[in-house]
Amino acid sequence: MAFLDNSGDIILDAVLTDTGRYRLSKGDGTFKIAKFALGDEEINYGNYNTGSASGSAYYDLDILQTPILEAFTNNASTMKTQLISIPRTDLLFLPVLRINNVFPEGSTSGDTALVASYNSYFVTCNDATTTSTVSMVGVQDGTLATVSSNGSIIMVDQGLDTTQIPYSFNIDQQLKETQYIVQIDSRLGQLANTNGNTGKNPSFVDDDSIAFYYFSLNTDNSYVSDITDTTNPEGVNSTIAGPRGTRIKFRIKASAELMTSDYLFTKLGGTFTFIAEGGPVSEKYIDTFVRVTGATTGYSIDLPVRFIKNA
Amino acid sequence: MATTYKNLLNSDFTSNKTLLHESIPITGTIVSGTYAENNIKNFSHGMFQSVYDYPYLSSSANHIFDITVGYSNESNLSSSTNVQNKQKINIYNEMSQLLVGYDITGSIQQFDEDGDIAAGGTKIQEAIFVNMARLLTKDEVKKGSFIFKAQTGSVNSLPTDTLTINDASGSNGYKVNSPAGEYGVLYVSAVETVSDPWWDVGDPCGLIYYQAGIAVLTASVFQNFGTYGVGVSNPLVGSMNAFLTGTAISGNCEAFRNRFNNLAYNNTTELNSTIYFCRANHNEFNYSTNPTYLSGSKIVVKNNTQENPLSYITSIGLYSADNELLAVAKLSEPIKKDPTTELTFRVRLDY
């Protein structure tokens, strides 16, 4: 997309997204705009220069000169960062989401860690791959056949990641996340809880095959829970340095297509040599990410995931 | 409670309809000359001829209009010995049943010179049809904007004489007794001739159907010299009557194109719009989820709790109730938002 002309009056370039056009074409009344959100995805707030010698009027000069791209029509490619409404104006800290790679969920420490040197979660797609790799840190059994013996899961913590407020403090209720939205490419996998052996059905799948899962505190107890540890510092059970909110944890189950066919591996991925416990193994792979978004606070985090299968 | 979405109330959107007009000029050199006939498409059925704005074998070519001719079976010219007699009658009947309709007995009516069908009067029994492509006409031809200039001089003097035709009355008077929508009468608006003119300014000489995008010209437009009125070179030389009777439809179209000086009109696109007023109150949208907004968890645009938070808006997303992004709007430059400002963004979606 090109940049918008910003030499004159402020203009607004509006388009229907592909999803909007799809719903309009269905003619079943599902095209109904009910709410709006404001976004700022082009803005780099690091350019806010409070040290400008020219005075406070110049603090945001670089930000205001940011060129803006035309609207994307792909609904999955835009409005990635949204503005939030919080009635209080005296907040200096906002909650974030952090990968928790330190919590020993099961019997093995490192249950929540990523695969070292790849900084990704690995998900196996058949029994042979599972057998040769699943005992390694960060590798999940995507077939869910060995869940009971494999503790690798994905965990994300929410809270104020700052040492300026003690972690023993309770997080402000306004800043505590109570609902999460998890997005994953449904062609590749689906979510499952950490102790079950079946996948969870998504709330809906959009036109780009992205599956959306909604999880709420006190409703989806096997997925979302309060972080109760207020006695240990960052790095013991949580990666949040300050007051802690809630936690979401889940596994990924590989899709039936990945388990039974190599088509998507050929089309979307490649091969690599994985140094497994028994020695180097040639694996087919597909790299993707799972997005976790706080439905209330709007903060999101992308989790790198690699699906692997014996080549 | 922190929120990222704001519901739109019934008072936050409204519907509107606007008419958008574009000027469509078509010069005679495109219709004959510039592309050495490579932009003219003839068909094996020989019923009409298509004109493109570029050689039609190119994917860049756009269809601009079709030309065909026909006469009524009640015309004096109608004769079974004519070239393509049946096809010319069929064309006339097809166009008239579509544009003029049927009388109370179910018979196809003829084109009426002044549109007053009930009063009888002069009929257009021999006609040249210019069917303009929807690509250019869009929803309709703007009333009062149609101007056609034809070269009507004798082939002996070649195109020194011209006749300008328009629908000057269309902007404030038009007919609604056609099954194909509204139409206006085409009048002679200017005559440039070195010899005795056949036509006078104000004479009716055709009809323009606005929604159908079809101009119906009486073949008599090219009859100003009686014997020689149309054609540019051998064998396309002869009277209009001779052409209609002795030449195929494609030959008539070719002759017409070579006497086509200029055509201009404005098209009309009917835009149905919904306008959404996205209101950001003073206590809304002052914080951001942008990862660069925080360092650790600290807001980078604030140094203490007394300072106001601020954010910069670049996009407006319009969502369904189930949070699917249905439309998106981008601002041409970032707009600052803080608790001392309230903003209303007017987002218009056209359908």
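Values reported hereafter were calculated over all heavy atoms of this structure, with side chains retained and with hydrogens, waters and symmetry mates removed. Since we're looking at a predicted model, the values are computed, not measured.
- A heavy-atom distance below 4.5 Å is found between the side chains of B:V328 and A:V15.
- Cation-pi check for A:K35 over B:Y5 is met; the charged atom lies under 6.0 angstrom from the ring centroid and within 45 degrees of its normal.
- The interface of residues 342-351 of chain B with chain A, defined by heavy-atom distances below 4.5 Å, comprises B:F345, B:R346, B:V347, B:R348, B:L349, B:Y351.
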*Show your reasoning for whether side chain to side chain contact (heavy atoms under 4.5 Å, CB included) applies to A:D90 and B:Q306.*
CA-CA 6 Å; A:D90 59 351; B:Q306 304 307 313; 6.0 Å; no

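- Of the residues considered (A:T163, A:N75, A:T89), A:T89 shows the highest number of contacts with chain B, using heavy-atom pairs under 4.5 Å.
- Interface remark: of the candidates B:G317, B:G296, B:S295, B:G317 forms the most heavy-atom pairs closer than 4.5 Å to chain A.
- At a 4.5 Å heavy-atom cutoff, the contact between A:Y48 and chain B is made by side-chain atoms alone.
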*Could you go through the side chain to side chain contact (heavy atoms under 4.5 Å, CB included) check for A:R23 and B:S320 one step at a time?*
CA-CA 10 Å; A:R23 288 199 177 192; B:S320 63; 3.4 Å; yes

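- Across B:N281, B:L294, B:V300, the residue that shares the most heavy-atom pairs under 4.5 angstrom with chain A is B:L294.
- Residues satisfying the ring pair (Phe, Tyr, Trp, His ring centres under 6.0 Å) test with A:F212, not counting sequence neighbours, are A:F204.
- Among B:N283, B:N7, B:L9, the residue making the largest number of heavy-atom pairs under 4.5 Å with chain A is B:N7.
- B:F43 CZ: more than 12 foreign heavy atoms inside a 6.0 Å radius.
- With chain B as partner, the option from A:A37, A:P67, A:A14 having the largest number of non-hydrogen pairs under 4.5 angstrom is A:A37.
- Test B:F285, B:Y276, B:Y319, B:F277 against A:F36 for ring-ring contact (aromatic ring centres under 6.0 Å, His included) and you get one pass: B:F285.
- Rounding to the nearest 0.5 angstrom, the gap separating the CG atom in B:N323 from the CD1 atom in A:I181 is 6.0 Å.
- In this structure, B:T4 OG1 and A:Y299 OH are separated by 15.0 Å, a value rounded to the nearest 0.5 Å.
- Distance CD1/A:I68 to NZ/B:K330: 6.5 Å, rounded to 0.5 Å.
- When atom types are taken as modelled, the side chain of B:S297 and the backbone of A:P95 share no donor-acceptor pair closer than 3.5 angstrom.
- Under the 3.5 Å distance criterion, the side-chain polar atoms of B:N290 are matched with a main-chain donor or acceptor of A:I43.
- Donor-acceptor pairing under 3.5 Å is lacking for the side chains of A:T19 and B:E324.
- Counting heavy-atom pairs closer than 4.5 Å to chain B, the top-ranked of the candidates A:T78, A:D60, A:N47 is A:D60.
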*Carefully, step by step, assess A:L91 and B:Y287 under the rule side chain to side chain contact (heavy atoms under 4.5 Å, CB included).*
CA-CA 9 Å; A:L91 295 174; B:Y287 296 94; 3.5 Å; yes

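- Donor-acceptor pairing under 3.5 Å is recorded for the side chains of A:D40 and B:S288.
- B:S311 pairs by the side chain to side chain contact (heavy atoms under 4.5 Å, CB included) definition with A:Y45, A:L83, B:K337, not counting sequence neighbours.
- Counted within 6.0 Å of NZ on B:K17, heavy atoms from surrounding residues, nucleotides or ligands total 12 or fewer; the atom is thus considered open.
- Counting heavy-atom pairs under 4.5 Å between each of A:L94, A:V96, A:L160, A:I86 and chain B puts A:L94 at the top.
- Across B:I335, B:T305, B:N304, B:L310, the residue that shares the most heavy-atom pairs under 4.5 angstrom with chain A is B:T305.
- For A:E41, the parts lying near chain B are the backbone and the side chain together; criterion is any non-hydrogen pair under 4.5 Å.
- Of the atoms belonging to A:T50, it is side-chain heavy atoms, and not backbone ones, that fall under 4.5 Å from chain B.
- Heavy-atom pairs under 4.5 Å with chain A were tallied for B:N308, B:N303, B:D338; the largest tally goes to B:N303.
- Heavy atoms of A:D172 lying under 4.5 Å from chain B are absent altogether.
- Per-residue counts of heavy-atom pairs under 4.5 Å with chain B were compared for A:T17, A:D161, A:D13, A:I84; the largest is that of A:I84.
- For a residue to count as touching a neighbouring chain, one of its non-hydrogen atoms must lie under 4.5 Å from one of that chain's; by this rule A:I240 does not touch chain B.
- Panel note: side chain B:T289, backbone A:T81; no donor-acceptor pair is recorded below 3.5 Å.
- In B:Y54, the OH atom is not crowded: 12 or fewer heavy atoms of neighbouring residues, nucleotides or ligands sit closer than 6.0 Å.
- In terms of the salt bridge (charged side-chain N to carboxylate O under 4.0 Å, His left out) criterion, A:R244 has no residue partners (sequence neighbours excluded).
- Note that CG of B:L318 is 4.5 Å distant from CD1 of A:I33, once rounded to the nearest 0.5 Å.
- Side-chain atoms of A:L16 and B:L326, non-hydrogen and from C-beta on, never get closer than 4.5 Å to each other.
- Put simply, of B:A2, B:P309, B:P291, the one with the most heavy-atom pairs under 4.5 Å next to chain A is B:A2.
- Contact of the B:V301 side chain with the A:Y59 side chain is not registered, since no non-hydrogen atoms from C-beta on lie closer than 4.5 Å.
- Residue B:N286 touches chain A through its backbone alone, counting heavy-atom pairs closer than 4.5 Å.
- The minimum heavy-atom distance between B:A321 and A:A34, with the atom names listed, is N-CB, 3.8 Å.
- With hydrogens and angles disregarded, no donor-acceptor distance shorter than 3.5 Å links the side chain of B:K298 to the backbone of A:T162.
- Top candidate by heavy-atom pairs under 4.5 Å with chain B, chosen from A:T30, A:T66, A:T297, A:I63, is A:I63.
- The number of heavy-atom neighbours closer than 6.0 Å to CG of A:D28, taken from other residues, nucleotides and ligands shown, is above 12.
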